[in-house]
Amino acid sequence: MPAKPNLSLPWPNNRALPDAFFNRDACLVARELLGKVIRHKQGDLWLSARIIETEAYYLEDKGSHASLGFTHKRRALFMDGGHIYMYYARGGDSLNFSAQGPGNAVLIKSAFPFQDEHSGAASLALMQANNPDAQGRPRALEKLCNGQTLLCKALGLKVPQWDAQRFDPEKLFVEDVGQYPTLIVQCPRLGIPHGRDEHLPYRFVDAQYAQFCTRNPLRRGQVAGKDYHLLT
């Protein structure tokens, strides 16, 4: 679903995704978010990352937060598609977008730093400063956003600021920059406890970036048709 230009955004000819994009089936949204670019303004700079890995979650899915019931903290999951749901995972921030239907959402699992005329060298340097390695050195590009908490850290996204909010065209939005995966890997999600619907194939990875996501679904030993499926 290509987005139309939004004249309220900071530059012309943008393609910010409308709420209608998110207000659809969670697996469809998860799949079609691959290749889209998250834009977050920090100070005077736009920090950007191309989405390469997502996971879909449903209300009836035992692995979802929503399956535990409605709470004020989880309220964004029960809102219309296009709301932001953020929570802490292992001490770090995680980014999700609500989808169609109460309790349904998409987790942004990994991304890859994106540079263009709106996000240049200075933006990348700030992302690396936001998310240095254990020795305090700049992370390599392929390791800067390869995990849900690393992604949020690099982009400067925080739970208190964005949880249960809508996108703000002056601060945070997702853009269709005209880049689409030629091959998508579909497989079970990561880190789902045994007995919590861990078998459901609700994880989607841009095959071109598979080696840079949380865990490579095409790594040696994985068998097509058994461990994963390829979508075109």
Side-chain angles (χ1 to χ4, degrees), residues 1-3 15-39 49-67 74 76-87 89 94-112 114 145-152 155 157 167 172-177 179-192 196-210 212-218 227-232:
M1 178 186 293
R15 294 290 187 275
L17 299 180
D19 290 342
F21 176 94
F22 299 93
N23 202 34
R24 299 181 296 158
D25 177 78
C27 274
L28 178 61
V29 174
R31 175 175 172 172
E32 294 193 1
L33 275 171
L34 297 177
K36 306 301 188 289
V37 173
I38 302 171
R39 306 275 199 182
R50 172 180 167 147
I51 299 171
I52 65 172
E53 178 186 8
T54 59
E55 291 181 349
Y57 289 87
Y58 294 88
L59 175 62
E60 66 276 8
D61 166 9
K62 295 177 183 178
S64 73
H65 287 192
S67 69
R74 302 188 195 112
L77 292 174
F78 295 85
M79 295 176 177
D80 293 341
H83 280 83
I84 298 164
Y85 171 56
M86 292 194 71
Y87 65 91
S94 292
L95 178 67
N96 305 254
F97 304 136
S98 64
Q100 185 180 62
N104 304 333
V106 176
L107 168 65
I108 308 303
K109 195 75 173 174
S110 286
F112 196 88
F114 181 80
C145 305
N146 69 326
Q148 63 200 69
T149 59
L150 294 177
L151 164 64
C152 288
L155 289 178
L157 295 170
F167 297 108
L172 174 64
F173 60 94
V174 182
E175 186 174 11
D176 180 349
V177 297
Q179 297 186 10
Y180 309 104
T182 56
L183 200 61
I184 294 172
V185 184
Q186 182 176 6
C187 56
R189 297 165 301 187
L190 300 176
I192 305 297
R196 303 292 294 179
D197 290 331
E198 70 279 6
H199 64 288
L200 296 173
Y202 291 169
R203 179 183 177 218
F204 300 88
V205 175
D206 185 337
Q208 181 181 351
Y209 291 85
F212 307 131
C213 68
T214 307
R215 190 179 187 193
N216 188 351
L218 303 179
D227 300 302
Y228 66 86
H229 295 275
L230 296 176
L231 311 176
T232 56

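Along the sequence shown, the residues carry numbers beginning at 1. Here the structure is a predicted model, which is why all the values come from computation and not from measurement.
A search for side-chain contact (heavy atoms from CB on, under 4.5 Å) contacts involving N23 returns Q100, not counting sequence neighbours. The side-chain contact (heavy atoms from CB on, under 4.5 Å) search around L172 returns I38, H40, I84, L157, W162, F167, not counting sequence neighbours. With sequence neighbours excluded, the residues forming a salt bridge (charged side-chain N to carboxylate O under 4.0 Å, His left out) with D19 are R166, listed by chain and number. F212 meets the ring-ring contact (aromatic ring centres under 6.0 Å, His included) test with F112; sequence neighbours excluded. Every residue meeting the side-chain contact (heavy atoms from CB on, under 4.5 Å) condition with L183, not counting sequence neighbours, appears here in chain and number order: A207, L230, T232. The side chain to side chain donor-acceptor pair (under 3.5 Å) test applied to E55 returns Y57, not counting sequence neighbours. For S110, the side chain to side chain donor-acceptor pair (under 3.5 Å) partners two or more places apart in sequence, or in a different chain, are E53, T214. Evaluation of the side chain to side chain donor-acceptor pair (under 3.5 Å) rule for D206 yields R50 as partners, not counting sequence neighbours. For F78, the ring-ring contact (aromatic ring centres under 6.0 Å, His included) partners are F70, not counting sequence neighbours. Take R189 and apply the salt bridge (charged side-chain N to carboxylate O under 4.0 Å, His left out) test, not counting sequence neighbours, and it matches D61. Residues satisfying the side-chain contact (heavy atoms from CB on, under 4.5 Å) test with E198, not counting sequence neighbours, are I192, H194. Looking at residues two or more places apart in sequence or on another chain, you find no side chain to side chain donor-acceptor pair (under 3.5 Å) involving E60.
The shortest non-hydrogen separation linking L231 to R31 is CD1-NH1, 3.7 Å. Across L107 and S94, no two heavy atoms sit closer than the pair CD1-CB, 4.4 Å. Taking each heavy atom of L151 and A111 in turn, the nearest pair found is CD1-CB, 3.6 Å. The heavy-atom pair separating I51 from L33 by the smallest distance is CB-O, 3.5 Å. Taking every heavy atom of both residues into account, A16 and F173 meet most closely at CB-CD1, 3.9 Å. The shortest heavy-atom contact between P188 and D227 is CD-O, 3.6 Å.
At a threshold of 4.5 Å between non-hydrogen side-chain atoms, the residues P181 and Q208 do not count as touching. Residues R215 and K109 have side chains not in contact (no heavy-atom distance under 4.5 Å, counting atoms from C-beta outward). Under the 4.5 Å side-chain criterion, counting only non-hydrogen atoms from C-beta, I108 is not in contact with N96.
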Stepwise side chain to side chain contact (heavy atoms under 4.5 Å, CB included) test for V177 and R15: CA-CA 7 Å; V177 297; R15 294 290 187 275; over 6 Å; no

Trace of the side chain to side chain contact (heavy atoms under 4.5 Å, CB included) decision for Q186 with Y228: CA-CA 6 Å; Q186 182 176 6; Y228 66 86; over 6 Å; no

Test side chain to side chain contact (heavy atoms under 4.5 Å, CB included) applied to Y58 and D25, step by step: CA-CA 9 Å; Y58 294 88; D25 177 78; 3.0 Å; yes

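For the pairing with F97, the ring-ring contact (aromatic ring centres under 6.0 Å, His included) check across F21, F22, Y85 returns one residue only, F22.
Under 4.0 Å is where a charged nitrogen must lie from a carboxylate oxygen, and between R39 and E175 at least one such pair does.
Rounding to the nearest 0.5 Å places OG of S67 at 5.0 Å from CZ of R196. Atom CG in D176 sits 10.0 Å away from atom CD in E32 (nearest 0.5 Å). Going from atom NZ of K36 over to atom CZ of F114 covers 12.0 Å, rounded to the nearest 0.5 Å. For the atom pair OG of S98 and CG of N104, the computed distance is 9.5 Å after rounding to the nearest 0.5 Å. Atom OG1 of T54 is separated from atom CG of L95 by 11.5 Å, given to the nearest 0.5 angstrom. Distance check, rounded to the nearest 0.5 Å: SG of C187 to CG of L218 gives 8.5 Å.
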